[in-house]
Amino acid sequence: MSRKPIIAANWKMNMTPSETSAFLEPFLSTFSEPTSVDIVIAPPFISLPKAAETVTDNPAVALSAQNMSHEASGAFTGEVSAAMLKEVPVEYVILGHSERRSLYGEDDAVINKKVKATLEAGFKPILCIGESLEERDGGQLEAVLTTQLEGSLADITAEQMADVVIAYEPVWAIGTGRTATPEQAQETQAFVRSVLTKLFGDDVAGATRIQYGGSVKPGNAGELIGQPDIDGFLVGGASLDPSSFADIVKAGAAG
Ligand code: 13P
């Protein structure tokens with residue numbers, strides 16, 4: 001089954017509104033026509049309106065938020081709702097990133113509420129999962145990923161899965177310069193797909209895009225995208241430079 005690769009820039013807590021414009025102007029001139037991959041940029045909330053202004057009418061690039069509240073409105077200081085993101089607008093929302101899980105205590109139950117809220121609002125969640133080095137070395141890899149998938153995707157229907165992207169990000173590869181080898185990433189992502197088969201059946205599992213994330217760079221993107229179960233990337237550090245992110249997109253498009 002052919003799946004359109006999706007290459008996303010997760011800027012994390014980087015890029016002010018003016019830095020966002022300075023990035024997007026050269027980047028968008030490289031990608032002004034639709035390409036064979038979906039390109040997604042996820043700036044911090046404060047920079048999203050500037051990104052939306054700059055991206056307008058560019059058919060190649062979509063925007064993503066890095067998080068969203070599952071609550072509709074009210075007394076939730078510091079949170080951002082679906083209605084607010086609709087006015088930007090964004091198409092995707094990253095959920096369950098390992099930094100949200102480890103630094104802000106988000107668990108699968110909360111992430112599941114957020115996945116439901118994003119789908120109900122018409123957004124496409126990019127659901128992040130991944131194991132720590134301790135879990136991998138301790139033989140817990142499959143149990144951890146299964147628990148994260150079952151918990152985060154509880155009560156999601158096969159139809160709704162058409163809008164869900166999974167990002168497999170081994171925690172030990174995030175920001176460390178230590179990428180999973182193409183074989184490790186492939187083996188793990190094939191396992192993730194097998195869990196999706198159990199939960200939703202072959203058709204859904206075959207159609208779901210599974211990104212790899214963790215120290216993706218222009219130099220390793222080509223080899224990674226060549227793996228059959230890697231359908232794109234969620235890129236942190238290397239997405240902060242327009243030419244390096246453009247090279248990763250090009251590697252994804254060539255793969
Ligand atoms: P790095 O590409 O900086 O390792 O970050 C990966 C990541 O966490 C993307 O969400």
Side-chain angles (χ1 to χ4, degrees), residues 5-15 19-20 23 27 37-45 47-48 51 61-68 90-106 111 114-115 118 123-133 135-136 144-145 148-149 152 164-182 184-185 188-189 192 209-225 227 230-252 255:
I6 172 168
I7 317 275
N10 176 10
W11 285 352
K12 308 189 180 184
M13 198 173 72
N14 297 291
M15 298 290 210
E19 289 166 344
T20 296
F23 176 107
F27 183 80
V37 299
D38 286 333
I39 306 170
V40 179
I41 309 272
F45 290 127
S47 298
L48 272 171
V61 178
L63 295 180
S64 176
Q66 297 177 13
N67 189 17
M68 190 187 98
V90 303
E91 185 172 340
Y92 295 88
V93 181
I94 297 171
L95 294 175
H97 191 279
S98 70
E99 289 145 20
R100 301 292 323 165
R101 291 175 187 263
S102 66
L103 302 174
Y104 302 99
E106 291 192 13
I111 295 161
K114 294 185 178 207
V115 171
T118 51
F123 302 126
K124 298 172 181 161
I126 298 177
L127 170 65
C128 303
I129 57 169
E131 82 290 358
S132 66
L133 193 56
E135 289 163 341
R136 178 175 274 261
V144 167
L145 297 180
Q148 290 176 341
L149 286 166
S152 305
V164 176
V165 175
I166 307 288
Y168 167 60
E169 300 204 302
V171 176
W172 47 271
I174 296 176
T176 58
R178 180 177 165 190
T179 327
T181 64
Q184 274 175 326
T188 311
Q189 299 204 185
V192 168
R209 296 185 292 179
I210 306 176
Q211 298 174 307
Y212 168 78
S215 298
V216 175
K217 311 269 180 260
N220 59 24
E223 217 184 354
L224 287 161
I225 201 75
Q227 303 297 318
I230 298 183
D231 308 315
F233 303 120
L234 188 55
V235 188
S239 74
L240 297 173
D241 173 70
S243 69
S244 113
F245 187 57
D247 286 345
I248 293 172
V249 171
K250 287 176 196 157

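When a residue number appears, it is its place in the shown sequence, counting from 1. First listed ligand is number 1; within each ligand, the first listed atom is number 1.
Under a cut-off of 6.0 angstrom, the local environment of CD in E91 is crowded, with over 12 non-hydrogen atoms contributed by other residues, nucleotides or ligands.
Partner Y168 forms a side-chain hydrogen bond (donor to acceptor under 3.5 Å, both in side chains) with one of E131, Q189, Q211 and no other, that one being E131.
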*Take V164 and I126, measure what side chain to side chain contact (heavy atoms under 4.5 Å, CB included) needs, and give me the verdict at the end.*
CA-CA 6 Å; V164 176; I126 298 177; over 6 Å; no
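Heavy-atom proximity to atom 4 (O) of ligand 1, evaluated over G236, A167, G175, is greatest for G175.
A donor-acceptor pair under 3.5 Å links the side-chain atoms of S64 to the main chain of Y92, judged by distance alone. Side-chain atoms of Q66 come within 3.5 Å of backbone atoms of K12 as a donor-acceptor pair (strictly under, hydrogens ignored).
Residue G213 has no nitrogen or oxygen atom sitting less than 3.5 Å from a nitrogen or oxygen atom of ligand 1, judged on distance alone. In terms of N/O distances under 3.5 Å, ligand 1 is not approached by T176.
Ionic pairing of E106 and R101 is not present here: no N-O contact between side-chain nitrogen and carboxylate oxygen is shorter than 4.0 angstrom. A salt bridge is defined here as a Lys NZ or Arg NE, NH1 or NH2 lying under 4.0 Å from an Asp or Glu carboxylate O, and K217 with D247 fails to meet this definition.
The protein heavy-atom contact nearest to atom 7 (C) of ligand 1 is E169 OE2, 3.1 Å. For atom 3 (O) of ligand 1, the nearest non-hydrogen atom of the protein is G237 N, 2.8 Å. Considering only non-hydrogen protein atoms, atom 5 (O) of ligand 1 sits nearest to K12 NZ, 3.3 Å.
Using a 4.0 angstrom heavy-atom cutoff, A238 does not count as in contact with ligand 1. Residue contacts with ligand 1: K217 is excluded, as none of its non-hydrogen atoms falls under 4.0 Å.
Listed by atom number, the atoms of ligand 1 under 4.0 Å from N10 heavy atoms are 9 (C), 10 (O). Of all the atoms in ligand 1, the ones that sit under 4.0 Å from a non-hydrogen atom of G214 are 4 (O), 6 (C).
Heavy atoms of A173 found under 4.0 angstrom from ligand 1 belong exclusively to the backbone. The parts of L234 lying near ligand 1 are both backbone and side chain, judged by heavy-atom distances below 4.0 Å.
Two rings, from F245 and F27, have their centers less than 6.0 Å apart.
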